[in-house]
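Inspection log for the structure reproduced underneath, given as structure tokens.
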Amino acid sequence: MAPPRRVPVIVLAGFLGSGKTTLLNYLLRHSGGTRIGAIVNDFGSIEIDAMTVAGQVDSMVPLGDGCLCCAVDTDDMDEALDRLARPSAGMDVIIVEASGLAEPETVIRMILASGSEHTVYGGLVEVVDGAEFENVRARHPELERHVRAADLVVLGKADRAGETELRRLRGRLEQLAPGRPVVTASHGRIDPALLFDPVHRPRPAVEQLSFDALLRDEAEDGDEDGAEGAEDHSGHLHAAYESVEFTSARPLDPRRFLDFLDGRPPGLYRIKGFVDFGPADPVNTYAVHAVGAFLRFAPSRRRADEEPLTQLVLIGSGTDAEALRKELAACAHDATGTDGPPRPEAMWGVLRYVEPPADEPADASEDPDHDRDQNGAPDAGEPSEVPVDEPDFG
Ligand SMILES: Nc1nc2c(ncn2[C@@H]2O[C@H](COP(=O)(O)OP(=O)(O)OP(=O)(O)O)[C@@H](O)[C@H]2O)c(=O)[nH]1
């Protein structure tokens, strides 16, 4: 009798804002009939990533709040894997998007320890932010270990990095993890075949991932049964970060919110969520993404039955949660008081940070990259169109 078919489980990891959700959404839209189940782990109790992925996926299980590798109960992970992998669900592959602060090796161990007869570990894809990698690596040398643990490194945001910097980064990655395959991508556009066929492909991945080493680490942690709690997380990335959530039914004033973003403290590395600008734009909700100095807004038309709402997650190190919440509350638009009705130019500042949808590459002549320098001043970026490279396996 043929052995039961096992669904490969791929871990998608990478630092805060590196482009994991963008890559996952690209894969979902270009899966070519492959049925993908997704497990999405948000760091923060408002599940922004899960909301972004929901609706595009055959089946999605959110696993919040906190890092997969410590705050999420292993039972929840086991149950999510089991639910997606059982034959009746008909999934071909499961992708686990870890939070931007998770330790990939620990997530891999959780999958290996899950003991589900329906799953097989399918590899680690580590997304590296081509525009921020060196800055982040200087602060968090742990990222080098993550790159070494990867089966495939996606060197993302190629459009922001530029050709010379990309060449330099590829050299750096080769130095850190010799022989590791690196694929360059803009807006998460990679060939899905790189991920979706891990079971039928001869996999040097076992050596690259060094399961033995992973399992040895596990034993050294005194956590041999994979149970949560015995591991020391003090050296993990998430130990130094905290998340702040902000929800408001009152619309935000676009100018005040931009002032808040311009003046954000340096430790506040990541902001993501959805903003309602009320009467300044009554038809759209704006997705907002700040990653380091990078800032983007993306409008999308609200459904008729959708209540306008602002939901933000702010992730940083050494930030003052109460002060941030107060500052955000003070961004609310007050239509009855001094604010009055919005002027047409109120949205101009926000619209400067809107770019064309990722699948329609920007016209290079339009100066699409309004990144800011460290002082928050607008700064023209690189041309945005860099072709997706063939994977380099050497
Ligand atoms: N220019 C450019 N922007 C990108 C690219 N990939 C992602 N982004 C943008 O970077 C921001 C963060 O991307 P996400 O995909 O949400 O990053 P993430 O790794 O899922 O973020 P966390 O879950 O917070 O760790 C968003 O504004 C994306 O649109 C890229 O290749 N080029």
Side-chain angles (χ1 to χ4, degrees), residues 11-28 38 40-44 46-53 56 62-68 95-102 104 125-133 136 140 143 146 154-162 165-166 169 183-190 237-238 241 243 261 268-275 286-300 312-316 353-362 364 367-371 381-389:
V11 177
L12 182 59
F15 191 65
L16 290 172
S18 53
K20 299 176 293 296
T21 307
T22 305
L23 175 61
L24 176 57
N25 280 328
Y26 180 82
L27 293 171
L28 295 171
V40 177
N41 170 226
D42 279 286
F43 188 80
I46 307 177
E47 293 168 332
I48 301 291
D49 288 356
M51 289 186 225
T52 315
V53 171
Q56 305 216 43
L63 273 188
D65 134 46
C67 261
L68 254 185
I95 300 182
V96 179
E97 183 192 338
S99 97
L101 296 170
V125 177
E126 176 77 12
V127 183
V128 163
D129 186 328
E132 303 283 342
F133 182 63
V136 176
H140 301 299
L143 286 190
H146 299 178
V154 176
L155 176 51
K157 302 197 187 172
D159 56 303
R160 293 190 60 214
E165 176 61 4
L166 281 179
L169 281 171
V183 61
T184 309
S186 293
H187 300 286
R189 294 181 216 127
I190 65 167
L237 282 173
H238 55 76
Y241 284 79
S243 80
L261 291 171
L268 183 53
Y269 184 79
R270 182 78 170 109
I271 301 173
K272 57 184 169 178
F274 304 97
V275 186
Y286 285 72
V288 59
H289 282 281
V291 182
F294 169 90
L295 178 62
R296 282 288 179 279
F297 286 98
S300 64
L312 295 171
V313 172
L314 303 91
I315 304 173
Y353 292 99
V354 170
E355 69 180 340
D359 280 341
E360 296 161 35
D367 179 23
D369 228 345
H370 300 289
D371 291 358
E382 299 283 336
S384 73
E385 184 50 353
V386 174
V388 178
D389 285 3

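As the structure lists them, so they are numbered: ligands from 1, and atoms in each ligand from 1. The analysis underlying the following values was restricted to heavy atoms, covering all of them including side chains, and did not include hydrogens, waters or symmetry mates.
Both the sub-6.0 Å distance and the 45° axial angle are not jointly satisfied by K157 relative to the ring of F133.
Considering each of E355, K272, R296, the one bringing a non-hydrogen atom nearest atom 22 (P) of ligand 1 is K272. Counting only non-hydrogen atoms, the option in A131, S186, G14, G19 that gets closest to atom 17 (O) of ligand 1 is G19. Residue nearest to atom 29 (O) of ligand 1, selected from T22, L12, T21: T22 (by heavy-atom distance). Remark: among candidates H289, K157, R189, the nearest residue to atom 5 (C) of ligand 1 is K157, based on non-hydrogen atoms.
Contact of the V125 side chain with the V11 side chain is not registered, since no non-hydrogen atoms from C-beta on lie closer than 4.5 Å.
The distance from atom CD1 of I271 to atom CG of L295, rounded to the nearest 0.5 Å, is 8.0 Å. Atom CG of L155 is separated from atom OG of S186 by 9.5 Å, given to the nearest 0.5 angstrom.
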Take L12 and V127 through the test side chain to side chain contact (heavy atoms under 4.5 Å, CB included) and record every step on the way to the result. CA-CA 7 Å; L12 182 59; V127 183; 3.8 Å; yes

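The L16 neighbourhood of ligand 1 comprises atoms 25 (O), with distances under 4.0 Å to a heavy atom of that residue. Set against the non-hydrogen atoms of R270, the atoms of ligand 1 under 4.0 Å away are 12 (C), 14 (P), 16 (O), 17 (O), 21 (O), 22 (P), 24 (O). In the vicinity of G100, heavy-atom distances shorter than 4.0 Å reach the ligand 1 atoms 25 (O). Atoms of ligand 1 found under 4.0 Å from any heavy atom of E97, numbered from 1 in the order shown, are 20 (O), 23 (O).
Distances between N or O atoms of A185 and those of ligand 1 include no value under 3.5 Å.
At a 4.0 Å heavy-atom cut-off, ligand 1 touches D159 through the side chain alone. When non-hydrogen atoms are compared, ligand 1 lies under 4.0 Å from the side chain of R160 (C-beta onward) but not from its backbone.
Under the 3.5 Å distance criterion, the side-chain polar atoms of S99 are left unmatched by any main-chain donor or acceptor of N41. Between the K272 side chain and the V313 main chain, no donor and acceptor come within less than 3.5 Å of each other.
Ring geometry for H140 against Y241 counts as tilted: the plane angle lies between 30° and 60°, on a 0 to 90° scale.
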